[in-house]
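Heads up: numbering here begins at 1 and tracks the sequence.
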Amino acid sequence: MRQPTNTAVKARSSNHVSRNLDEIDLKILTEIQADGRITNVELAKRVGISPPPCLRRVRALEEEGYIHGYRGLLDARKLGFDVTVFAAVHLSSQAEADLRAFEEFVRAEPLVRECWMLSGEVDFILKCVAPDMATFQDFVTHLTAAPHVRNVRTSLVLHNSKYEAAVPLDVKGRRSPL
């Protein structure tokens, strides 16, 4: 991994280092979000630089954690997952060990596609998919029996009005990542 220069890097915390992203970096990220299968040659052409420095920039963005990975976005319904549900989970204990234990439990559950820890009345919100309601009901029974789960409230998704997996890099007024 290349060592960044001190002028281009600021430490936000002991385990997170970020650098200023220039216009080319933002163009690269925008293009990769739009098409994760884009070739380096095409990417370089679209952002206005030659392929070797483009590849170096992409690798640096990967190494620095701006790019977490590449994957195809699949249609859950076409693959037989007709049920999408949000589950609000309230734990009986918010001790660090209990929170981590719940997160480990959730990571092992294939129906849980996203898990977010929240502040307020709900400790976690889970986005779950299932092929049918019976399968989801079985999962909820399993979830409510998990250690430290006080209660679970579910909301069945009727319709999705918007789904954007990409980060809105072109939002005006967004703060610099530093």
Side-chain angles (χ1 to χ4, degrees), residues 12-13 15-16 18 21 25-38 42-43 46 58 61-62 64-177:
R12 275 208 282 188
S13 69
N15 63 359
H16 179 78
S18 185
L21 297 177
D25 291 328
L26 291 173
K27 285 180 182 177
I28 288 170
L29 293 173
T30 298
E31 293 296 333
I32 287 174
Q33 280 193 124
D35 181 3
R37 293 176 48 150
I38 191 170
E42 180 61 24
L43 179 60
R46 289 186 191 179
V58 170
L61 291 165
E62 290 170 345
E64 293 165 5
Y66 289 99
I67 300 170
H68 286 199
Y70 303 87
R71 59 184 54 101
L73 298 175
L74 307 181
D75 186 315
R77 287 189 183 267
K78 285 189 177 187
L79 293 166
F81 291 87
D82 293 328
V83 176
T84 301
V85 179
F86 286 93
V89 179
H90 185 218
L91 302 181
S92 59
S93 167
Q94 285 74 36
E96 190 68 26
D98 298 334
L99 295 170
R100 298 299 158 237
F102 180 76
E103 289 176 328
E104 287 178 32
F105 169 84
V106 167
R107 279 189 208 99
E109 296 300 323
L111 296 182
V112 178
R113 305 317 308 153
E114 295 181 39
C115 174
W116 297 85
M117 183 187 292
L118 305 176
S119 65
E121 293 180 32
V122 173
D123 295 307
F124 290 91
I125 189 86
L126 311 179
K127 179 182 176 187
C128 306
V129 297
D132 51 51
M133 282 305 294
T135 302
F136 182 72
Q137 287 171 330
D138 289 344
F139 167 71
V140 170
T141 300
H142 178 61
L143 176 62
T144 57
H148 307 292
V149 172
R150 178 179 288 165
N151 64 45
V152 176
R153 289 179 291 142
T154 60
S155 297
L156 179 67
V157 172
L158 300 177
H159 174 73
N160 181 345
S161 299
K162 182 177 181 178
Y163 173 74
E164 286 290 333
V167 176
L169 296 174
D170 60 350
V171 172
K172 296 202 184 319
R174 89 180 158 87
R175 293 187 317 197
S176 166

Value rounded to 0.5 Å, distance of [atom1] in [X] from [atom2] in [Y]:
X      : Y      : atom1 : atom2 : result
Leu73  : Tyr163 : CG    : OH    : 5.0 Å
Ile32  : Tyr70  : CD1   : OH    : 4.0 Å
Leu99  : Ser93  : CG    : OG    : 7.0 Å
Ile28  : Leu169 : CD1   : CG    : 12.0 Å
Leu126 : Phe86  : CG    : CZ    : 10.0 Å
Ile67  : Leu61  : CD1   : CG    : 5.0 Å

Can you give me the closest heavy-atom contact between [X] and [Y], atom names plus distance?
X      : Y      : answer
Val122 : Ala88  : CG1-CB, 3.8 Å
Ala87  : Val152 : CB-CG1, 4.1 Å
His90  : Glu121 : CD2-O, 3.3 Å
Cys128 : Val112 : SG-CG2, 4.0 Å

Full working for side-chain contact (heavy atoms from CB on, under 4.5 Å) between Val83 and Val129: CA-CA 6 Å; Val83 176; Val129 297; over 6 Å; no
Under a 4.5 Å cut-off applied to non-hydrogen side-chain atoms, are [X] and [Y] in contact?
X      : Y      : answer
Leu143 : Glu109 : no
Phe136 : Leu156 : no
Val89  : Phe102 : yes
Thr84  : Arg113 : no
Asp170 : Thr30  : no
Thr144 : Val140 : yes
Val157 : Val85  : no
Leu29  : Leu21  : yes

Thr135/Leu111 under side-chain contact (heavy atoms from CB on, under 4.5 Å): CA gap, chis, key distance, verdict: CA-CA 9 Å; Thr135 302; Leu111 296 182; 4.0 Å; yes
Flag for Thr141-Asp138: side-chain donor and acceptor within less than 3.5 Å: no
Donor-acceptor contact below 3.5 Å, side chain Arg77 vs main chain Asp82: yes
Exceeds 12 heavy-atom contacts within 6.0 angstrom, atom CZ of Arg71: no
salt_bridge(Arg107, Glu104) N-O dist < 4.0 Å: no
Short N-O contact, Lys27 and Glu31, less than 4.0 angstrom: no
Side chain to side chain donor-acceptor pair (under 3.5 Å), paired with Asp123, selected from His148, Gln94, Arg150: Gln94
